[in-house]
Amino acid sequence: MMLNTSEPSPKRMKFSQNGDDHYAKIKEERFKLPIRPVKHKLIQEVQRHPTVIIIGETGSGKTTQIPQYLYEAGVHRNSIIAITQPRKVAAITVSQRVALEKRSDIGDLVGYCVRFDDSTTEKTKIKYMTDGMLLRESILDPLMKRYSIVILDEAHERTIQTDVLFGVVKSAQRQRQRNGMRPLKVIVMSATMDVDHFSQYFNKAPVLYLEGRQFPIRVMFSKEEQSDYLFSSLVTLFQIHREAPAQEDILIFLTGQEEIESAVKSIKDISSTLMGNVPNMIVCPLYAALPPQQQLKVFQKTPKGCRKVIVSTNVAETSVTISGVRFVIDSGKVKAKIYNSRGGLDLMKVVNLSQAQAQQRCGRAGREAPGSCYRLYTEQQYDTFKKTTVPEIQRCNLASVVLQLVAMGIHDVINFDFMDKPSPEAIHTAVEQLKLLGALENNDEAKLTPAGKNMAAFPLDPRLSKVVLAAKDFECLEEILTIVSLLSVDSILFTPQNKREHALAVREKFMSSEGDHITLLNIYKAYKGVQGNKAWCQENFINQRNMRTAIDVRRQLREICVKQSLPFNTCGLDTASVRKCLVSGFFMNSAELQREGEYISLSTRKPVTIHPSSALFHCKPSYVIYNELVQTSKCYMRDLCVVDAAWLYDSAPSYFKKKKPTG
DNA sequence: GTCTGCCAG
């Protein structure tokens, strides 16, 4: 195109050299982060002390900037800086951001490492990873030799993995010092809670406070106690809806999928009857099991003149951040798993939040502008809430944790340096279970057996690892890998409430009279038979996402089996071998049919019932094993498999000597 | 004849 120079010159066009503006902007953004003024102080503290605790609210920039500061200052001494995150998405997205800031490709200087996805190379010095990943690595290398700095981020979330890592990094640090090795710097980053607790545990480490970028939030308590939080949340929602300008979105915290779906329906019904000048309402449910496509709806920008209402479980507390939210309605409730180490049974219960959780929920209203939080409980009720959430490690089965610790060479698990110790009883139960599975020597030394060493290599519950190892003897590893993979992911069965009958009828063809495990195996075979066809999944109400995860897991397990030279046999249609394998890991979860037609658990002699969702619901086999007990209206066995009394006895003679099956 | 929150390896 020719420009006619006699014409008045057009508006000057601006050019910049390939991306300079972009990077200038990134640089400017980095400079404006609240953490920037304390950069030098921070580097100094880390150089002076083996451990530093950093307290900072969201938005301070600590997660992205601190590793870069330490790298630029050379504190890492040319070895790797690890930064752990409780969630995979966080590890991946943060590392991508930092790579961008460093003008480097992901996997060069900056990389991430999560299950099924490792972007790091020998060039990587800043490595974002899940806490679970670092924990698994430390089984092979308890001194964490490849790292000079370990940063444990989001420590306040107190995941099991972070809690175990606390002790592992402390021990690695001490041992490296004692052996005159290169020191291990530890940085613990947390939100504002439990500061003294953290500092005390980490040898009175210095604490650095960072300013965050949080807008003020008006917190309102209910004046009276509410008997029905569901109803109260609807009343509050429409109260706000009538008064607040459009585009100011509302986030409601409830407890579970079913509750949320029914609330969404009520809200839609009510809003369609509203008269007068109120904004249009867009109502979105949000929970982890929601198909990804529907989850995306939550992130779409609210159209002009509308208001988005998000009804969510606690996913929106930490895992998911939604822009546009100005109001939070907090039911004060959360669904939590409670584990009973005596009966070995799980139960899900709706319980009150901790104060820390309530604070976290409030914060979701002030990410971009001042906001409000409506609490559907009184201030007096709030005062009765626990200050902090009981750490997960005190609420679950510890068999896996104990096996990992022993595999790292920590034999005295009872005296392991936990920040908050699990009960001795819970540890004892785990040790006993591992002995029964043949993972630990049957004495007081807590020493791994050769089988135990192999079991620790699998990213599985020890009972499932045991099942995999047993497949060698019963020559059915292919089938077992399939079943174990399917058991270790979220359910591949997808049963929408309104099409429940239909879903069950369609899936009837996969049902096995030998139980749920064999049913799962049938489904997997059928899925493979149609090459993972999407339409087939829809027709048969199979959750394709979870099925794909199971296939990834299977591949990973297969690789570990190769390393252990396990033979890849198949048993064809002889499912007895498969069921015998299952018995070797789950014999302690067995039940016997009584004359009256009821079952009792052989470990506790307490009555148990077949869960209505099981393939065996209408059957009455004499002996079954089950994956888990769930206490609701009754004590239900879930995921059952038909077995012979003799198999039970053969798998653990000394165990059953006392509780000999009567049949 | 059920009622499962969330995350990780």
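Since this is a predicted model, take the numbers as computed values, not measurements. Residue numbering restarts at 1 for every chain, and letters A, B, ... go by the order of the sequence lines.
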Pairing residues for A/Thr318 by the side-chain contact (heavy atoms from CB on, under 4.5 Å) criterion, not counting sequence neighbours: A/Arg87, A/Glu157, A/Gln360
Any base atoms under 4.0 Å from [X], or only sugar-phosphate, or nothing? Heavy atoms, all strands.
X        : answer
A/Phe116 : nothing
A/Gln404 : nothing
A/Glu317 : nothing
A/Thr313 : sugar-phosphate
A/Val334 : nothing

Counting only pairs under 3.5 Å, give me each side-chain donor-acceptor contact of residues 606-616 of chain A, with atom names and distances, residues two or more places apart or in other chains.
{"unit_1": "A/His611", "atom_1": "ND1", "unit_2": "A/Ser613", "atom_2": "N", "d": "3.0"}
{"unit_1": "A/His611", "atom_1": "ND1", "unit_2": "A/Ser613", "atom_2": "OG", "d": "2.8"}
{"unit_1": "A/Ser614", "atom_1": "OG", "unit_2": "A/Asp516", "atom_2": "OD1", "d": "3.4"}
{"unit_1": "A/Ser614", "atom_1": "OG", "unit_2": "A/Asp516", "atom_2": "OD2", "d": "2.8"}
{"unit_1": "A/Ser614", "atom_1": "OG", "unit_2": "A/Leu616", "atom_2": "N", "d": "3.0"}

Among the nucleotides [options], which one has an atom lying closest to any side-chain atom of [X]?
X        : options             : result
A/Met348 : B/dT2, B/dG5, B/dG1 : B/dG5
A/Pro459 : B/dG9, B/dG5, B/dT2 : B/dG9
A/Glu258 : B/dC3, B/dG1, B/dG5 : B/dC3
A/Val114 : B/dC3, B/dC6, B/dG9 : B/dG9
A/Thr632 : B/dG9, B/dT2, B/dG5 : B/dT2
A/Ala288 : B/dC7, B/dG5, B/dT2 : B/dC7
A/Pro612 : B/dC3, B/dG1, B/dC6 : B/dG1
A/Arg500 : B/dG1, B/dG9, B/dT2 : B/dT2
A/Lys88  : B/dC7, B/dT2, B/dG9 : B/dG9

What integer distance in Å separates [X]:[atom1] from [N]:[atom2]?
X        : N     : atom1 : atom2 : value
A/Glu628 : B/dT2 : CD    : P     : 17 Å
A/Arg395 : B/dA8 : CZ    : C1'   : 14 Å
A/Lys335 : B/dC6 : NZ    : C1'   : 12 Å
A/Leu557 : B/dG9 : CG    : P     : 13 Å
A/Asp552 : B/dG9 : CG    : C1'   : 13 Å
A/Arg115 : B/dG9 : CZ    : C1'   : 5 Å
A/Phe458 : B/dG9 : CZ    : C1'   : 13 Å
A/Leu640 : B/dG1 : CG    : P     : 17 Å

Pairwise salt bridge (charged side-chain N to carboxylate O under 4.0 Å, His left out) hits with a residue in residues 352-364 of chain A, at least two apart: A/Glu317-A/Arg361, A/Asp330-A/Arg361
Between [X] and [N], is there a contact of a side-chain N or O with OP1 or OP2 at under 4.0 Å?
X        : N     : answer
A/Thr130 : B/dG9 : yes
A/Ser613 : B/dT2 : no
A/Lys349 : B/dG5 : no

Exercise: do A/Asn314 and A/Lys335 side chains pair donor with acceptor under 3.5 Å: no
Comparing A/Asp131 and A/Ser633 on DNA chain B - which has the more 5′ nearest nucleotide: A/Ser633
Nearest-nucleotide comparison on DNA chain B, the residue closer to the 5′ end among A/Asp461 and A/Ala289: A/Ala289
A/Tyr599: partners by ring-ring contact (aromatic ring centres under 6.0 Å, His included), with sequence neighbours left out: none
Test ring-ring contact (aromatic ring centres under 6.0 Å, His included) applied to A/Phe416 - qualifying residues, sequence neighbours left out: A/Phe418
Interface with DNA chain B, restricted to residues 132-147 of chain A and to heavy atoms under 4.0 Å: A/Gly132, A/Met133, A/Arg136
A/His502 ring center within less than 6.0 Å of A/Phe541 ring center: yes
Centroid-centroid under 6.0 Å between A/Phe385 and A/Tyr377 rings: yes
A/Ala456 versus A/Ile139, closest heavy-atom pair with distance: O-CD1, 4.2 Å
